[in-house]
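Remarks on the structure that follows.
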Amino acid sequence: MNCMLKKTIIYSMLGLMQVGMFSSVAAAAPVSLYNNDSQQISYLSRGHGPDRDHRRGPGRDDRRDHDRRERERREQERREQERRRIHNERKRIENERHEREMRRRAHESRKEWRERQEREKQRHDREMRTIAALLIGIAIGSANN
C-alpha cells in the first residue's frame with residue numbers, strides 16, 4: 001500500500017510539472033489558437049504595444065524606413081533611366097556614324113570601298129557589343145539591388 005501511495009504522488013507531481021511547462025510554452029506562443037489576432041492587431045496599430053516608445057509616435061521608425069526605402073528606390077530608378085538614356089544616345093550616334101561610313105565616297109574605287117566596308121562592319125559590331133555589355137551591366141546592377 002505504501003508503494004502504491006508513493007507512485008501516485010510521483011505521477012501526480014510529474015503530471016503537474018508537465019501542465020506547468022505546457023502553460024508557460026502556451027503563454028509564450030506568438031499565435032493564439034482560438035483568437036484570430038484581431039484584437040492584438042488593433043492593439044498594436046494604436047501604438048499601445050509593448051515596443052512603443054512614448055517619446056516618439058507609434059510607428060515613426062517604420063515610416064522613416066519606408067520613406068528612406070522609397071527615396072532609394074526612386075533614386076535607383078532615376079539612375080537607371082539616365083543610364084538607359086545614355087545607352088540609347090550612344091547607340092543612335094554609332095548607328096548614324098556607321099551609315100555615314102558605309103556610303104561610297106566619290107574618290108574611292110569599288111575595291112577600296114568594299115575593304116573599308118568590311119573594316120567598318122567589324123568595328124561597328126565591336127562597338128555594338130560594347131554598348132550591349134553596358135546595358136547588361138545595368139540590368140545586373142539593378143538586379144543586385
Side-chain angles (χ1 to χ4, degrees), residues 6-145:
K6 285 181 186 178
K7 286 182 182 179
T8 306
I9 292 172
I10 289 173
Y11 286 127
S12 298
M13 287 175 55
L14 286 175
L16 288 174
M17 286 174 52
Q18 287 180 349
V19 169
M21 284 190 293
F22 176 74
S23 65
S24 63
V25 169
V31 179
S32 174
L33 297 176
Y34 303 108
N35 190 359
N36 293 330
D37 289 335
S38 60
Q39 291 176 347
Q40 183 179 4
I41 290 171
S42 64
Y43 179 75
L44 292 175
S45 68
R46 284 182 272 147
H48 296 293
D51 296 333
R52 181 178 180 206
D53 187 350
H54 293 286
R55 289 170 289 160
R56 298 177 302 195
R60 188 174 182 122
D61 287 337
D62 293 340
R63 285 192 299 263
R64 283 186 189 156
D65 288 345
H66 177 71
D67 291 345
R68 181 185 50 78
R69 284 191 302 267
E70 186 65 26
R71 275 194 309 276
E72 289 173 356
R73 186 187 61 78
R74 276 187 262 134
E75 180 64 24
Q76 182 179 357
E77 285 178 3
R78 188 192 60 76
R79 284 192 304 263
E80 190 172 321
Q81 285 175 350
E82 181 64 19
R83 286 182 193 138
R84 287 184 191 278
R85 187 191 63 76
I86 291 169
H87 169 264
N88 290 338
E89 183 66 19
R90 279 184 63 187
K91 192 172 178 181
R92 184 188 60 78
I93 290 170
E94 171 59 24
N95 285 334
E96 288 174 357
R97 191 203 61 76
H98 178 68
E99 281 187 35
R100 250 189 343 268
E101 291 296 317
M102 291 299 282
R103 290 191 204 112
R104 185 174 178 187
R105 298 186 178 133
H107 66 280
E108 281 184 317
S109 69
R110 185 175 289 281
K111 184 178 179 184
E112 290 172 335
W113 178 52
R114 297 268 184 221
E115 289 173 356
R116 191 171 57 78
Q117 270 188 325
E118 187 61 35
R119 286 191 313 267
E120 174 55 30
K121 284 180 184 176
Q122 290 173 355
R123 186 204 170 279
H124 179 70
D125 289 342
R126 197 172 45 247
E127 185 67 24
M128 293 307 284
R129 281 193 299 270
T130 304
I131 293 171
L134 174 68
L135 188 62
I136 291 169
I138 290 170
I140 291 171
S142 64
N144 286 338
N145 294 332

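Between R123 atom CZ and D125 atom CG the span is 11.0 Å, to the nearest 0.5 Å. Taking CZ of R63 as the reference point, atom CD of E70 lies at 15.5 Å (rounded to 0.5 Å). Remark: N88 CG to I93 CD1 distance equals 11.0 Å, nearest 0.5 Å. The CZ atom of R78 sits 14.0 Å away from the CZ atom of R71 when rounded to the nearest 0.5 Å. Atoms NE2 and CD1, on H87 and I136 in that order, are 9.0 Å from each other to the nearest 0.5 Å.
Proximity of a side-chain donor or acceptor of E99 to a complementary backbone N or O of E96 within less than 3.5 Å is not detected.
In this structure, E77 does not pair ionically with R74, as no charged nitrogen and carboxylate oxygen lie closer than 4.0 Å. Taking 4.0 Å as the cut-off between side-chain N and carboxylate O, R97 and E120 count as a salt-bridged pair. Ion pair R90/E94 not flagged as a salt bridge, since none of the NZ, NE, NH1 or NH2 atoms sits closer than 4.0 Å to an Asp/Glu carboxylate oxygen. Remark: R84 engages E80 in a salt bridge, criterion side-chain N to carboxylate O under 4.0 Å. Using a 4.0 Å cut-off between charged side-chain N and carboxylate O, E82 and R85 make a salt bridge. We find that R68 and E72 are joined by a salt bridge, their nearest charged nitrogen and carboxylate oxygen being less than 4.0 Å apart.
For the pairing with R114, the side chain to side chain contact (heavy atoms under 4.5 Å, CB included) check across E118, Q117, R116, E112 returns one residue only, Q117. Under the side chain to side chain contact (heavy atoms under 4.5 Å, CB included) rule, H98 has a single partner from M128, H124, E127, which is H124.
Partners of K111 under the side chain to side chain contact (heavy atoms under 4.5 Å, CB included) rule, at least two apart in sequence or in another chain, are S109, E115. For I10, the side chain to side chain contact (heavy atoms under 4.5 Å, CB included) criterion is met by L14, not counting sequence neighbours.
Applying the 6.0 Å contact sphere to CZ of R69 captures more than 12 heavy atoms from other residues, nucleotides or ligands.
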What do the steps show when you test M13 against I9 for side-chain contact (heavy atoms from CB on, under 4.5 Å), and what is the final call? CA-CA 6 Å; M13 287 175 55; I9 292 172; 4.0 Å; yes
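Of all heavy-atom pairs between W113 and E108, the closest is CD1-OE1, 3.7 Å.
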